[in-house]
Amino acid sequence: MTKIYYVRHGQTDYNVKNIWAGSSNAKLTKEGKKQAQKTGEELKDVKFDVAFVSPLKRARKTFKYINKFHHLKPNVDERIKERNFGKLEGTPAGETSPVSKQNMYNYDLNDDFGLGVEKIQDTNARVVNFIEYVLKNYEGKEVLVVAHGAIGRHFDAYFNGLPENHIMLKGPKNAECIIYKK
């Protein structure tokens with residue numbers, strides 16, 4: 001059985017301000033650094049066989065805090081890079097956003113919303129490709145993955161099935177570790 005330890009990056013300035021971050025390089029806040037350190041402490045006794053990390057700075061920085069206890073070589077993988085939110089990146093994600101979070105994560109909408117947003121099915125395809133690669137090539141291993149909230153929604157959908165309404169609202173909290181087994 002393969003165990004994937006999925007960790008979302010620590011809190012960023014964009015998270016605090018409720019801004020679409022996407023492929024932008026948002027920075028960890030002081031709280032985000034503390035969260036990453038705490039997650040590192042919680043995972044210090046896990047004997048990871050391999051680690052994968054998103055190329056974005058917030059994920060790589062979170063990985064460094066966790067890796068303090070492991071000394072793993074990170075495999076940087078574009079397939080787990082945060083979903084590109086197009087022209088929404090750097091803009092408020094709340095009530096004033098032209099796209100609601102509910103619509104952004106509605107799997108039945110195959111739409112870029114006229115804003116260059118990466119379509120959810122395209123994000124899902126690359127994330128599923130990554131998950132199946134890991135399951136095939138690291139069978140029976142302990143795998144660390146450090147990535148993002150939207151990517152975590154796709155992990156949740158893969159391992160638990162899409163919800164009946166096909167809206168992928170369940171994502172990990174900042175620096176939360178979710179363990180998937182298969």
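Just the heavy atoms: all of them, side chains too, but no hydrogens, waters or symmetry mates, feed the values below.
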Given side chain to side chain donor-acceptor pair (under 3.5 Å), test Glu82 with Ser54 step by step and report yes or no. CA-CA 8 Å; Glu82 180 62 291; Ser54 160; over 6 Å; no
Is it possible for you to say whether Met104 and Leu115 belong to one hydrophobic cluster, with membership spreading through side-chain heavy-atom contacts below 4.5 Å? yes
Output the distance between atom CD (Gln37) and atom NZ (Lys68), rounded to the nearest 0.5 Å. 6.5 Å
Checking Arg79 now: which residues fulfil salt bridge (charged side-chain N to carboxylate O under 4.0 Å, His left out) with it, not counting sequence neighbours? Asp77
Taken in chain and number order and not counting sequence neighbours, the residues that satisfy side-chain contact (heavy atoms from CB on, under 4.5 Å) with Asn137 are Tyr133
Can Ile4 and Ile179 be said to form a side-chain contact (heavy atoms from CB on, under 4.5 Å), step by step? CA-CA 6 Å; Ile4 298 175; Ile179 301 171; over 6 Å; no
Please report the closest heavy-atom contact between Ala150 and Phe85, naming both atoms and the distance. CB-CZ, 4.4 Å
Under a 4.5 Å cut-off applied to non-hydrogen side-chain atoms, are Leu135 and Tyr158 in contact? yes
Compare all side-chain heavy atoms of Thr91 with those of Ile19 and state whether any distance is below 4.5 angstrom. no
Same cluster (ILVMFWY, side-chain, under 4.5 Å), Tyr105 and Val99: yes
Restricting to non-hydrogen atoms, name the atom on Gly90 and the atom on Tyr14 that form the minimum distance, rounded to 0.1 Å. CA-CE2, 4.0 Å
Gap between atom CD of Gln102 and atom CG of Leu109 - 0.5 Å precision: 9.5 Å
Within the 4.5 Å heavy-atom criterion, are Val46 and Glu142 side-chain neighbours or not? yes
Joint cluster assignment, Tyr65 & Leu43, ILVMFWY side-chain distance < 4.5 Å: no
Do Asn75 and Val53 have side-chain heavy atoms sitting under 4.5 Å apart? no
Is any side-chain heavy atom of Pro172 closer than 4.5 Å to one of Tyr6? yes
CZ/Arg153 to CD1/Ile120 distance, rounded to the nearest 0.5 angstrom? 8.5 Å
Would you check if Thr12 and Lys27 make a side-chain contact, meaning some heavy-atom pair closer than 4.5 Å? no
The single option from Phe155, Tyr5, Tyr138 passing ring-ring contact (aromatic ring centres under 6.0 Å, His included) against Phe52: Tyr138
Whether Tyr107 side chain and Ala157 backbone form a donor-acceptor pair below 3.5 Å: no
Would a hydrophobic clustering, with Ile, Leu, Val, Met, Phe, Trp and Tyr connected at side-chain separations under 4.5 Å, put Ile178 with Val146? no
Ser97 side-chain N/O to Ser100 backbone N/O, donor-acceptor pair under 3.5 Å: no
Indicate the atoms forming the closest heavy-atom contact of Asn15 with His9, along with that distance. OD1-CE1, 3.6 Å
Same apolar cluster (I L V M F W Y, side chains within < 4.5 Å links), Ile151/Val128: yes
Determine whether Ser23 and Lys81 satisfy the following criterion, side-chain contact (heavy atoms from CB on, under 4.5 Å), listing intermediate values before the conclusion. CA-CA 7 Å; Ser23 58; Lys81 183 177 182 179; 3.7 Å; yes
Minimal heavy-atom distance between Glu139 and Thr2, with the atoms involved, is CA-OG1, 3.2 Å
Decide yes or no on side chain to side chain donor-acceptor pair (under 3.5 Å) for Ser24 and Glu89, but give the supporting numbers first. CA-CA 7 Å; Ser24 302; Glu89 293 193 12; 3.0 Å; yes
Going from CD1 on Ile80 to NE2 on His148, what distance comes out if it is rounded to the nearest 0.5 angstrom? 7.0 Å
For Glu41, the salt bridge (charged side-chain N to carboxylate O under 4.0 Å, His left out) test, sequence neighbours excluded, returns Lys44
Shortest non-hydrogen contact from Pro74 toward Phe63: CB-CE2, 3.5 Å
Check whether any side-chain heavy atom of Arg126 lies under 4.5 Å from a side-chain heavy atom of Glu118, and answer yes or no. yes
Which atoms form the tightest heavy-atom contact between Arg58 and Asn25, and what is the distance? NH1-CA, 4.2 Å
Quick check for you: to the nearest 0.5 Å, what is the distance between Lys3 atom NZ and Phe48 atom CZ? 9.5 Å
Answer whether the closest heavy-atom distance between the side chains of Arg83 and Val117 falls below 4.5 Å. yes
Measure the CD-NZ distance between Glu31 and Lys38 for me, rounded to the nearest 0.5 Å. 9.5 Å
